[in-house]
Amino acid sequence: MDTSSVGIVSPRVEHFDTPLRFATGSELPAYDLIFETYGELNAAGSNAVLICHALSGHHHAAGRHSEDERKTGWWDVCIGPGKPIDTNRFFVVSLNNLGGCHGSTGPTSINPATGEVWGPEFPQPQVEDWVDAQARLADRLGIDCWAAVIGGSLGGMQAMTWSLRYPDRVRHCVAIAAALKLSAQNIAFNEIARRAIISDPGWCDGHYLRENTLPAQGLALARMVGHITYLSDNAMASRFGRELQASEGDEDEDGRREFQVESYLRYQGARFSTVFDANTYVLMTRALDHFDLGGPGADPVDAFRRSQCDYLVLSFSTDWRFSPARSREIVDALLAAERPVSYAEIVADEGHDAFLLPIPRYLAVLDAYLQRVVT
Amino acid sequence: MRQDLTHILRWIRPGARVLDLGCGNGEFLALLRAQRDAVVTGIEIDPDAITAAIARGLSIIEQDLDSPLQNFPDQSYDMVVMAHALQAVHYPDQVLEEMLRIGRECVVTFPNFGHWRCRLHLATRGRMPVSKFMPYSWYDTPNIHFCTVRDFETLCRQRGIRILGRDMIGGEGGQSKLARQWPNLFATTAIYHISR
């Protein structure tokens with residue numbers, strides 16, 4: 001048995017029937033949040049750690065749902081007994097955000113007002129709305145103040161938003177491979193992904209479930225574009241190079257054998273299109289695009305002055321989606337706001353994806369930082 | 001704890017905001033926090049030292065002292081410390097200027113290349129000194145800008161840097177009295193408390 005695993009885990013669902021008003025003004029009358037927990041909440045409720053997921057993430061962050069589940073949760077390298085987010089010390093909560101497609105209320109849920117699936121009518125959440133929903137889950141679980149809120153990429157943006165929106169409810173904020181806001185280049189890539197989905201004849205203005213179609217091609221293309229931005233040039237070179245597919249029968253329509261990278265991307269795209277909802281993808285990328293720490297056009301230094309927690313900021317050398325320069329902007333704003341912050345730039349070849357991978361220095365720094373979190 | 005660091009301690013007021021450039025594993029910052037209740041930040045470049053310093057519960061920024069320090073606002077620290085790093089940066093004078101911009105006061109410590117052993121080594125053997133104190137060969141050393149006590153004070157004079165205090169550490173066996181009397185000849189380590 002793997003003693004560093006949280007083992008077999010089961011998700012739970014909490015139902016909320018107090019309406020949640022989104023930043024955009026629309027309101028969600030009632031909703032479910034699906035989540036998993038690892039470790040035990042102590043009597044004082046002081047050892048709780050919130051994990052915030054990235055663009056296509058979900059609540060299943062560690063362990064397995066059954067003995068025969070092939071893959072572990074998406075952040076199993078960091079969460080477990082003796083791992084940096086040590087479940088012997090911490091009570092870890094990981095949820096699927098509103099608008100998701102893994103069990104929390106989202107575009108594939110039924111709109112009680114119409115009796116039909118929400119589809120494209122699901123209200124557009126912003127990062128702060130997710131944080132508000134997470135705060136209600138914390139209330140429900142009896143957690144007044146998180147020992148730490150931790151996230152990578154879009155998850156890091158949620159963690160930082162926590163520290164501003166509920167400054168007295170967070171003691172430590174860990175933002176990994178994140179940014180204060182998206183660049184034009186980031187938004188451009190997201191727009192290509194959305195265009196791919198929306199241009200698919202199966203999209204049907206987002207009503208594909210009602211119409212019994214699926215924009216599978218578009219969603220696959222969206223994932224392929226996204227995937228390229230998660231990897232570094234080096235990572236792709238060393239993984240695929242210019243190698244051709246080995247087996248015969250892989251020729252394209254003109255009889256050419258294809259590059260391994262083509263086949264890989266197509267496989268990733270096709271697989272993703274069967275497990276992810278297109279409306280969720282559109283909604284999550286829009287939330288990401290509009291994220292601007294502290295509110296649209298806000299000065300991040302002023303924003304961070306409201307915070308009361310300590311920060312750890314981490315970046316990866318070959319990440320070009322949210323590069324080390326973006327993380328240094330976070331650090332510089334924190335320094336200017338005179339907030340306690342630690343920063344490390346991890347040398348890693350894997351690009352943005354590095355935040356999900358067992359890179360020794362990354363795990364060591366995260367572990368070293370979390371030692372200080374009093375439980 | 002290196003001797004120069006315990007000497008610096010008395011210049012740090014309780015509760016001061018202190019920035020340590022090249023803080024290593026954070027031993028000195030941890031001491032400042034414990035004994036002076038100081039609010040401390042360290043800058044370091046060595047990965048293992050950063051991890052060790054973060055494990056002490058300190059706020060550590062991974063940053064190269066040879067890159068601009070513009071991300072630290074003017075006069076944002078009570079004290080900026082740089083211990084035994086001046087000789088390892090590309091442009092020591094520019095780093096000094098940056099320290100004085102960021103901190104109201106600064107402390108700099110460096111090995112004194114004017115020490116008689118260095119002079120003797122160079123004079124008699126005609127080769128760059130390698131000793132327990134300066135253990136590197138000239139072609140493979142982090143120490144690229146050695147200076148003497150007199151060099152440093154000349155630079156301070158030229159740049160209008162005020163020397164608020166200085167202290168000298170001699171070699172083994174408590175030669176600090178000699179070192180204070182004739183620092184350029186007998187000090188192994190020079191410690192300067194400076195401001196604008």
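Residue numbers start from 1 in every chain, and the chains themselves are labelled A, B, ... in the order their sequence lines are given, proteins ahead of strands.
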Nearest-0.5 Å distance, CD1 of residue B:Ile60 to CG of residue A:Leu312: 11.5 Å
Where does A:Val331 contact chain B at under 4.5 Å (heavy atoms): side chain, backbone, both or neither?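 Answer is side chain: those atoms of A:Val331 sit under 4.5 Å from chain B.
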Please classify the contact of B:Ile50 with chain A as side chain, backbone, both or neither, using a heavy-atom distance under 4.5 Å.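 Interface part for B:Ile50: side chain.
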Between B:Pro47 and chain A, with a heavy-atom cut-off of 4.5 Å, which part of the residue counts as in contact: side chain, backbone, both or neither?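 Answer is both: backbone and side chain atoms of B:Pro47 are under 4.5 Å from chain A.
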For B:Arg162, I'd like to know if atom CZ has over 12 heavy atoms of other residues, nucleotides or ligands within 6.0 Å.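 Counting other residues, nucleotides and ligands, CZ of B:Arg162 stays at 12 neighbours or fewer.
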For atom CZ of B:Arg13, is the number of surrounding heavy atoms from other residues, nucleotides or ligands below 6.0 Å larger than 12?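 No, because the 6.0 Å sphere around CZ of B:Arg13 holds 12 heavy atoms or fewer from other groups.
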Inter-chain polar pairs, chain B versus chain A: which donor-acceptor atoms lie under 3.5 Å apart?
from    : atom 1 : to       : atom 2 : distance (Å)
B:Ile54 : O      : A:Arg372 : NH2    : 2.7
B:Gly57 : O      : A:Arg372 : NH1    : 3.4
B:Leu58 : O      : A:Ser342 : OG     : 3.2
B:Leu58 : O      : A:Arg372 : NH1    : 3.2
B:Leu58 : O      : A:Arg372 : NH2    : 2.9
B:Ile60 : N      : A:Ser342 : OG     : 2.9
B:Ile60 : O      : A:Tyr343 : N      : 2.7
B:Glu62 : N      : A:Tyr343 : O      : 2.9
B:Glu62 : OE1    : A:Glu345 : N      : 3.0
B:Glu62 : OE1    : A:Arg361 : NH1    : 3.2
B:Glu62 : OE1    : A:Arg361 : NH2    : 2.7
B:Asn71 : ND2    : A:Asp332 : OD1    : 3.0

